[in-house]
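Following: one structure in structure tokens, then a few remarks.
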Amino acid sequence: MRVKVGDTVKYVKTIWREGSRIKLIDQRRLPHSFEITSLENHSETAMAIRDMVMRGAGAIGVAASYGMAQAALEAEGLGPEGFDEYLQEAAEILRNTRPTAANLSHAIERCLGNAERGSVKQRVEAVISEADTIANEDIHASRMIGEYGAALIEDSSRVLTHCNAGALAFIDYGTALSPIRFAFNQGKKVFVFVDETRPRCQGARLTAWELEQEGIPYTIIVDNAAGHFMKTGEIDLVIVGADRIAANGDVANKIGTYEKAVVAKENGIPFYVAAPRMTFDLRCASGDEIEIEERGHGEVTGMWGIDVNGDPSRILIAKEGAMVRNPAFDVTPARYISGIITEEGILRPPYGESIQDTFGAGS
Ligand code: RUB
């Protein structure tokens, strides 16, 4: 993605690999400062996923596969049995970081599947090569999602999006923001309503920052305002990302997505989901089988930002110790979804059939 740092414009990916070192944009610091951080081993990578240094289904899938590549390199000297054991343990640590996004478990399984044959040296190379393939596929998929999805955006469209399903949630381009980027670059006028997305404010902090970098006009709204703007006719379509999509088309995405989908349907506004193959999990027959991550109370009782001196700072909103529930995701039933934009084209209902026809083998 194009990033302006001071007076320089550079091209950066959300996350990349330099040998056994992983480099990534520290998303906890955005939009206030742009910092690249390094992860030296698979334990640091697992911690970074858990602490949301980077987040978003695609990005954590790639981070997990790079974590597997780090583990393979760390285990190179252990002999065949020690290598297998070390890799399985690393897989377990990485798998337990965040449970909802399908991309993460698919990525780990693919890396393990490539570590089964040959000498230890060959297995290490196979894991690294699979991790790099996953990262490249991720970029290709989001490009294609942009190309297919841009056709849904007419000139002068006003689009609502929730959370951050942009380049920062992927390696580049993103999912929900990719069609918006492509439509804008085709010369269409596009305006984006950005849900703030409590509790971690990925919309206000990250989506707004990405749109700003691209020069795409937007406004941040509080989560509770989306229904109002849909009712007053100021939103033409909704596009969101996804963390896991079940075989029947039910979609798990950032908490609050379900409400937006219901209100969109009530107001006759098309509601699209953008996601690649890696986000589909055909082992889940419906959204009822998707595990929903519950996060700590501190995200709800307080908020992070910067103080008047520009230093990172947390303020308390509720009393520390107040009772809190904090599900990070919810499930939107397939009946509210007008289409799912994928790298293979736009899937339409009935999703049981269109998903099976498109991704039936190997998801
Ligand atoms: C991110 C989120 C995003 C999806 C889609 O949640 O819900 O909408 O991950 O992202 P979190 P992608 O910030 O808690 O990880 O574009 O990667 O599919």
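Both counts, for ligands and for their atoms, begin at 1 and track the order of listing.
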So is K265 actually on top of F271's ring, under 6.0 Å and inside 45° of the axis? no
Please identify which atoms of ligand 1 are closer than 4.0 Å to at least one heavy atom of [X].
X: N164; result: 3 (C), 8 (O)
X: G58; result: 17 (O)
X: Q202; result: 11 (P), 13 (O), 14 (O)

Using atom types as modelled and distance alone, determine if a side-chain donor or acceptor of Q70 lies under 3.5 Å from a backbone N or O of S20. yes
May I ask you to decide whether [X] forms a salt bridge with [Y], counting only side-chain N to carboxylate O separations under 4.0 Å?
X: K189; Y: D155; result: no
X: R277; Y: E137; result: no
X: E196; Y: R198; result: no

Nearest-neighbour protein heavy atom for [atom], which is reported as residue plus atom name and distance:
atom: atom 4 (C) of ligand 1; answer: D243 OD1, 3.1 Å
atom: atom 10 (O) of ligand 1; answer: A57 N, 3.6 Å
atom: atom 15 (O) of ligand 1; answer: R98 NH1, 2.8 Å
atom: atom 8 (O) of ligand 1; answer: N253 OD1, 2.8 Å
atom: atom 16 (O) of ligand 1; answer: T175 OG1, 2.6 Å

For ligand 1, is any non-hydrogen atom under 4.0 Å from [X]'s backbone (N, CA, C, O), its side chain (CB onward), both, or neither?
X: A169; result: both
X: T257; result: neither
X: R200; result: neither
X: K254; result: both

Where do D311 and N309 land on the side chain to side chain donor-acceptor pair (under 3.5 Å) test, with the steps shown first? CA-CA 6 Å; D311 296 323; N309 302 316; 4.5 Å; no
Between ligand 1 and [X], can you find any atom pair, the residue atom being a heavy atom, that is separated by under 4.0 Å?
X: M52; value: yes
X: A242; value: yes
X: T279; value: no

Would you check whether [X] has a nitrogen or oxygen atom less than 3.5 angstrom from a nitrogen or oxygen atom of ligand 1?
X: C163; answer: no
X: G241; answer: no
X: G166; answer: no
X: G56; answer: yes

On the 0 to 90° scale, with breaks at 30° and 60°, tag the F229-F193 ring pair as parallel, tilted or perpendicular.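 Taking F193 first and then F229, their aromatic rings sit tilted (interplane angle of 30° to 60°).
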Can you label the angle between the F359 ring and the F280 ring as parallel, tilted or perpendicular, going by 30° and 60°? tilted
Set of residues satisfying side-chain contact (heavy atoms from CB on, under 4.5 Å) with respect to S129, sequence neighbours excluded: T133
side-chain contact (heavy atoms from CB on, under 4.5 Å) involving M47 - partner list, sequence neighbours excluded: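 M47 satisfies side-chain contact (heavy atoms from CB on, under 4.5 Å) with R50, D51 only.
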Apply the test ring-ring contact (aromatic ring centres under 6.0 Å, His included) to residues F191 and Y218: give CA-CA distance (whole Å), side-chain angles for both, the deciding distance (0.1 Å), then the verdict. CA-CA 5 Å; F191 186 86; Y218 70 89; 7.9 Å; no
N164 and T207: side chain donor to acceptor below 3.5 Å: yes
